[in-house]
Amino acid sequence: MNTIKKTVITRFAPSPTGNLHIGGARTALFNWLFAKNKGGKFLLRIEDTDTLRSKKEYYDQIINTLKWLEIEWNDQPYIQSKNIESHINIINKLLENNHAYKCYCTEEELDKEKKEYLIKKIPYSYSKKCRNLKEVNLQKPFVVRFKSKEKGTTILKDLVQGDIEIKNNTIEDFVILRNDKKPTYNLSAAVDDYEMKISHVIRGDDHKINAFKQIQIFEAMNWVIPLYAHIPLIHSKDGKKLSKRDDVSTVEDYKKIGILPEALRNYLLRLGWSHENKEIFTLEESIKLFNIENIGKSPSKLDFERIKSLNETYLKSLDEKKLTEDLINYANNYKTEIKDKYIETIYKNLPFLKNKAKTLEDIYNNSIYIFSYNLENKEINKINANQIENIKIIFKKCSDNRDFDYLFLKNILDEIINNKKINFKDIGQPLRIVLTGSQFGPGIYDIFKSLGNTESLKRIEKFLDKIDRNVKN
RNA sequence: GGUCCCUUCGUCUAUCGGUUAGGACACGUGGUUUUCAUCCAUGAAAGAGGGGUUCGAUUCCCCUAGGGACCGCCA
């Protein structure tokens, strides 16, 4: 028995044709966690051989998003297009070994074939017309097709799905070199996986059929076949395939509403994988506990509430210095920049600013009155004459004692509430509008404290001035 | 249509033949709180259907139904 342990090498192989997908992020996470767990390597390969759709901006986006998620790969990213020479080389070998052949069929001929099959109601696969051509060096454009097995069955020992058996004749003679002399995905992926010494291919369920094609290439070249684990796809809330229109399909969609990377990672980890009753995993625990055996077999739906709830948990447990940094970065990226002079105030008041928040966006909105105060008439109009009178009383008393504290303020409010037989709400609500520009937000005392006496009084004074002017007009 | 895969509370999931089928999110109720939120307590909520195998099936097998993926000279 061979007891030499093979080094685990996994890879994440996105194509730069769009922003990093939430499913892709999970695939990357699983590959990374598995490699870490086994003390192996995790590689990043950019599959950019579709020159029409691949874009540099997407490449950057994917790289940056993985970094944001703190998923780190070993070595430099492998750029698939840089390895084309090697792919062609293998195609030539396959041709020499009689495992592949040139196919001179034109698109028109193929279309005709397809139509004929359609009329006869037979499922279409290439007719293999060129498989046994006598002359193989015609001066005509050609593609290279792999000679798929025609008899027998193949069993894929999938690490997640178990044994999957298919008849070999259901795999057609697939193209491995296009007529523009560029290798196709299945060929490139197989060659790269071999050259990168990938031990475990962990990827989405949608690649399952490709495994059968890639395995045949491995066999034809007499290479050691990697282990495969095909993880079920992530579905949208209504059970359909996630589409770009769902606006929860890319990592960016979560980032821009202020989901923390830790929370998204935790969510993704638990989506399709579990460890007993555990819900919250630190990074160390994720690495220590992750395994392929506990990956579920069925597809899972996204639950936005769960992500937000998880985010809330992280928001509240995160070190507040770090949280403040995250908030500043978030605001700079997606909202208006928060000036340095407000950062200290926000940091100090984080305990209540983050209280009702589930996302960074919530914290941002809660603290907006600190760095971006604006009192609109529409809000002012919500305040009635009696309430204005009360605010005047408060203003007067506080102005006479500019060093007022919580107790002093509370006594004033209590007194008014008692005297006028009103509810706290009747005074709290309008006061909040005056101080923050919105009827929603933190508690009144918290607002006073966070703004400081001077700023609070200044805002009230400005309001009263405005009211006076409005009355005069 | 062909090939393949999947099926436990609304959602994510636990259960490796014997459980009052457990947890989490969301939801309901109660308490704490000036409000909201937090927090605590508590409640409702599931084995798709039908056949087998077995002393016993959510668990193993088959069928049906439902859902999904793939079926490109895209990756």
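Numbers restart at 1 for each chain; the letters A, B, ... are given by sequence-line order, proteins then strands. Nothing here was measured: the structure is a model prediction, and the numbers come from that model.
- Within the 4.0 angstrom heavy-atom criterion, no nucleotide atom of any strand lies near A/Lys120.
- B/A57 and B/G43: their P atoms are spaced 30 Å apart (whole Å).
- B/A65 and B/A24 have their C1' atoms separated by 30 Å, given to the nearest Å.
- Nucleic acid contact for A/Asp50: sugar-phosphate only, since backbone atoms but no base atoms lie under 4.0 Å from a heavy atom of the residue.
- In this structure, B/G1 and B/C71 make a Watson-Crick or G-U wobble pair, each of the two defining distances being under 3.5 angstrom.
- Here A/Lys121 does not reach the OP1 or OP2 of B/G1: none of its side-chain N or O atoms lies under 4.0 Å away.
- For the residue pair A/Gln61 / A/Thr65, a side-chain donor-acceptor distance below 3.5 Å is found, with atom types taken as modelled.
- Searching all strands for a Watson-Crick or G-U wobble partner of B/A65 with both distances below 3.5 Å returns B/U7.
- Taking atom CG of A/Asn169 as the reference point, atom P of B/C4 lies 10 Å away to the nearest angstrom.
- The phosphate of B/U13 has OP1 or OP2 within less than 4.0 Å of a side-chain N or O from A/Ser300.
- Aromatic ring orientation, A/Tyr194 versus A/Trp223: parallel (interplanar angle below 30°, classes split at 30° and 60°).
- Listed candidates were B/C6, B/U3, B/C4. Nearest to the side chain of A/Thr170 is B/U3.
- If you check B/U34, B/C6, B/A75 against the side chain of A/Tyr445, the one that comes closest is B/U34.
- Spacing between atom NZ of A/Lys421 and atom P of B/U34 amounts to 21 Å, rounded to whole angstrom units.
- At whole-Å resolution of the value, CD1 in A/Ile234 and C1' in B/G67 are 17 Å apart.
- How far CD1 of A/Ile202 is from CG of A/Asn31: 4.5 Å, rounded to the nearest 0.5 Å.
- A 4.5 Å side-chain heavy-atom check between A/Asn37 and A/Lys288 finds every atom pair outside the cut-off.
- Comparing the C1' positions of B/G30 and B/U54 gives an interatomic distance of 47 Å, to the nearest angstrom.
- For B/A69, the OP1/OP2 oxygens have no side-chain nitrogen or oxygen of A/Lys297 closer than 4.0 Å.
- Distances were taken from every side-chain heavy atom of A/Glu305 (C-beta onward) to each of B/C4, B/U34, B/A26; the shortest belongs to B/A26.
- Searching all strands for a Watson-Crick or G-U wobble partner of B/C27 with both distances below 3.5 Å returns B/G43.
- At the phosphate of B/A75, OP1 or OP2 sits under 4.0 Å from a side-chain N or O atom of A/Thr49.
- An OP1 or OP2 oxygen of B/A14 is reached within less than 4.0 angstrom by a side-chain nitrogen or oxygen of A/Ser274.
- Judged by distance alone with a 3.5 Å cut-off, a donor-acceptor contact links the side chain of A/Lys356 to the base of B/C36.
- You won't find any donor-acceptor pair under 3.5 Å spanning the side chain of A/Asp303 and the base of B/C12, going by distance alone.
- Taking atom C1' in both B/G66 and B/C16, the straight-line distance is 27 Å, to the nearest Å.
- At the heavy-atom level, A/Val175 lies under 4.0 Å from the strands shown only through sugar-phosphate atoms.
- In this structure, A/Glu165 reaches the sugar-phosphate backbone alone: every heavy-atom distance under 4.0 Å involves primed, P, OP1 or OP2 atoms, never a base.
- Between A/Ser450 and A/Tyr369, the side chains place a donor N or O and an acceptor N or O closer than 3.5 Å (distance only, hydrogens not considered).
- Residue-level contact check: A/His235 touches the backbone only, with heavy atoms under 4.0 Å from sugar-phosphate atoms and none from bases.
- Among the heavy atoms of the strands lying under 4.0 Å from A/Lys301 are primed sugar atoms or P, OP1, OP2 only; no base atom is included.
- Between the P atoms of B/C40 and B/A14, the separation comes to 25 Å (whole Å).
- Side-chain atoms of A/Ser188 and A/Gln80 form no donor-acceptor pair, as typed in the model, at a separation below 3.5 Å.
- The CD atom of A/Glu47 sits 6.0 Å away from atom CZ of A/Arg11, with the distance rounded to the nearest 0.5 Å.
- Distance noted for atom C1' between B/C61 and B/U3: 22 Å (whole Å).
- Nearest heavy-atom pair, A/Leu302 versus A/Val248, reported as atom, atom and distance to 0.1 Å: CD1-O, 3.8 Å.
- Between B/A21 and B/C25, the distance separating the two P atoms is 22 Å to the nearest Å.
- For the C1' atom pair drawn from B/U7 and B/U64, the interatomic distance equals 13 Å after rounding to whole Å.
- Atom pair A/Asn366:CG and B/C36:P shows a separation of 16 Å (rounding to whole Å applied).
- Comparing B/A24, B/U11, B/U13 by their closest approach to the side chain of A/Arg306 singles out B/A24.
- A/Glu312 places its CD atom 15 Å from the P atom of B/A24, with the value rounded to the nearest Å.
- Rounding to whole angstrom units, CZ of residue A/Phe281 and P of B/C12 are separated by 17 Å.
- When each of A/Lys316 and A/Glu172 is assigned the nucleotide of RNA chain B with its nearest heavy atom, A/Lys316 is the one assigned upstream, toward the 5' end.
- Among B/G23, B/C4, B/C6, the nucleotide with an atom closest to any side-chain atom of A/Gln161 is B/C6.
- In this structure, of B/A37, B/G2, B/C73, it is B/C73 that holds the atom nearest to the side chain of A/Leu110.
- Following rounding to the nearest Å, A/Asn210 (CG) and B/C70 (P) show an atom-to-atom distance of 10 Å.
- The distance from the CG atom of A/Asn294 to the CG atom of A/Leu289 is 9.0 Å, given to the nearest 0.5 Å.
- Checked by distance alone, A/Glu276 brings no side-chain donor or acceptor within 3.5 Å of a matching partner on the base of B/G23.
- A/Gly272 comes within contact range of the sugar-phosphate backbone alone, with a heavy-atom separation under 4.0 Å but no base atom that close.
- When rounded to the nearest whole Å, the span between CD1 of A/Ile209 and P of B/G68 equals 18 Å.
- Between A/Arg145 and A/Ser309, the residue anchored closer to the 5' end of RNA chain B is A/Ser309, taking for each the nucleotide with the nearest heavy atom.
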